[in-house]
Amino acid sequence: MTTNPLETNALINRHRGRIPNTPLGSSTVAFLLGGVFASGLYTFVSDIYQPSHWLTYQLGFFIAAWAFFHWAEFAVTAGWNLEKCSVDSYLLENGPMYHIANGAALLEYLISLYFFPSFKSWPYVSQIGILMVIVGQTLRSSAMIHASTSFSHTVAFHKRDSHKLVTDGIYSWFRHPSYAGFYYWALGTQLVLQNPVTFILFTMLLWHFFYHRTREEERLLVKFFGDEYINYRRRVGTMIPFVP
């Protein structure tokens with residue numbers, strides 16, 4: 001039995017989302033994300049050359065970074081981990097809390113821009129945020145590419161024959177580089193927007209999520225790889241504050 005190269009049904013990890021898991025569904029999502037990215041990039045560049053009160057470079061960068069992140073999740077999975085690739089790989093159905101958090105970030109930005117525009121007038125804060133977003137995105141995508149078929153968006157409860165413990169490359173510096181990448185990417189977006197409230201909110205939520213996620217995942221990795229993983233864990237940290 002041959003497999004259509006455009007098929008989006010993953011061989012591993014069943015499709016769980018509501019977006020149709022078809023080439024048409026995937027191409028539609030990619031088209032929409034591309035449109036959002038282009039709009040954000042246009043806003044970012046336009047505000048640099050012709051400043052606008054509402055369509056700011058901060059807002060434009062946030063929108064473009066969000067769209068690129070979700071497109072890159074699918075693109076990297078399709079390119080280096082095809083057996084797990086489906087429409088779910090866009091990570092657009094991350095749960096209501098994810099969308100509430102991003103909605104709250106936009107709401108805080110717009111409200112504070114209207115009532116307290118001076119709160120958004122610290123360019124160095126946004127520049128640091130832009131750098132964090134770029135570094136975080138690069139770190140996460142690099143981790144996914146380097147781990148290849150050993151990477152999974154969901155916790156693997158059973159060890160497959162092809163599952164290898166990756167400890168070289170970016171994994172020799174970060175024990176969970178994809179998590180660290182997203183952590184700094186997400187906090188960077190809030191620095192770009194200069195949102196003090198959602199920056200604190202994101203910090204708390206992400207710490208809680210990654211602390212418990214890494215504990216569960218590492219329990220399974222010790223089960224899969226034994227002393228090999230225990231020794232690796234002793235050598236390499238997560239590089240996420242207060243996540244041992």
Side-chain angles (χ1 to χ4, degrees), residues 2-45 55 58-107 109 130 133-134 136-156 177-179 181-186 188-190 192-193 198 202 205-206 209 213:
T2 59
T3 301
N4 188 321
L6 293 178
E7 182 58 68
T8 60
N9 288 313
L11 300 177
I12 300 171
N13 297 334
R14 294 180 60 185
H15 169 60
R16 296 183 176 87
R18 291 173 294 179
I19 302 173
N21 191 33
T22 62
L24 176 60
S26 178
S27 63
T28 301
V29 172
F31 176 80
L32 293 174
L33 287 175
V36 173
F37 173 81
S39 299
L41 185 62
Y42 175 79
T43 300
F44 176 77
V45 174
L55 298 178
Q58 298 157 327
L59 184 61
F61 185 87
F62 174 78
I63 292 171
W66 179 88
F68 183 84
F69 169 80
H70 288 285
W71 171 83
E73 291 295 296
F74 181 89
V76 171
T77 305
W80 285 269
N81 198 3
L82 185 59
E83 64 183 8
K84 296 184 186 131
C85 186
S86 73
V87 174
D88 292 341
S89 302
Y90 284 106
L91 296 188
L92 285 170
E93 297 179 90
N94 265 345
M97 184 57 68
Y98 174 77
H99 297 294
I100 290 172
N102 280 292
L106 283 173
L107 187 62
Y109 179 78
I130 289 172
V133 168
I134 294 172
Q137 180 68 67
T138 302
L139 179 58
R140 181 170 175 86
S141 296
S142 298
M144 293 172 63
I145 291 171
H146 189 69
S148 187
T149 57
S150 292
F151 180 86
S152 178
H153 278 124
T154 58
V155 176
S178 65
Y179 294 164
F182 182 80
Y183 179 83
Y184 293 111
W185 176 91
T189 62
Q190 300 314 295
V192 171
L193 296 176
T198 47
F202 273 46
L205 290 175
L206 289 170
F209 175 80
R213 178 70 173 255

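- In this structure, Trp71 has its ring center under 6.0 Å from that of Phe68.
- For Ala186 against Leu206, the heavy-atom pair with the smallest separation is CB-CD1, 3.6 Å.
- For the atom pair Thr198 OG1 and Leu205 CG, the distance stands at 10.5 Å (nearest 0.5 Å).
- Separating the CD atom in Glu93 from the NE2 atom in His99 is a distance of 7.5 Å, to the nearest 0.5 Å.
- The side-chain heavy atoms of Trp66 and Thr189, taken from C-beta on, include no pair separated by under 4.5 Å.
- Summarising the geometry, atom CG belonging to Asn102 is positioned 7.5 Å from atom CD belonging to Gln190; distances are rounded to the nearest 0.5 Å.
- Between Val76 and Asn81 there is no side-chain heavy-atom pair separated by less than 4.5 Å.
- Interatomic distance, Asp88 CG to Thr77 OG1, rounded to the nearest 0.5 Å: 10.5 Å.
- Between Ser89 and His153, the shortest heavy-atom contact is O-CE1, 3.9 Å.
- For the pair Leu106/Phe62, a side-chain contact is recorded, criterion being any heavy-atom separation below 4.5 Å from C-beta on.
- In this structure the side chain of Tyr179 reaches within 4.5 angstrom of the side chain of Arg213, judged on heavy atoms.
- Contact detail for Ala30 and Tyr90: the closest heavy-atom pair is CB-OH, 3.6 Å.
- Across Thr138 and Ser142, no two heavy atoms sit closer than the pair O-OG, 2.6 Å.
- The line from OG of Ser148 to CG of Leu82 is 10.5 Å long, rounded to the nearest 0.5 Å.
- Across all non-hydrogen atoms, the minimal contact from Gly188 to Val133 is C-CG2, 3.6 Å.
- Side chain of Ser27 to main chain of Leu24: a donor-acceptor pair is present (N/O by atom type, distance under 3.5 Å, no hydrogens or angles).
- With contacts defined as side-chain heavy-atom distances shorter than 4.5 Å, the pair Ile63/Thr43 does not qualify.
- The backbone N or O of Phe151 lies less than 3.5 Å from a partner atom in the side chain of Lys84, making a donor-acceptor pair.
- The minimum heavy-atom distance between Ile130 and Val192, with the atom names listed, is N-CG2, 3.4 Å.
- The side-chain heavy atoms of Phe37 and Leu33, taken from C-beta on, include no pair separated by under 4.5 Å.
- With ring centers used as reference points, Phe69 lies under 6.0 Å from Phe182.
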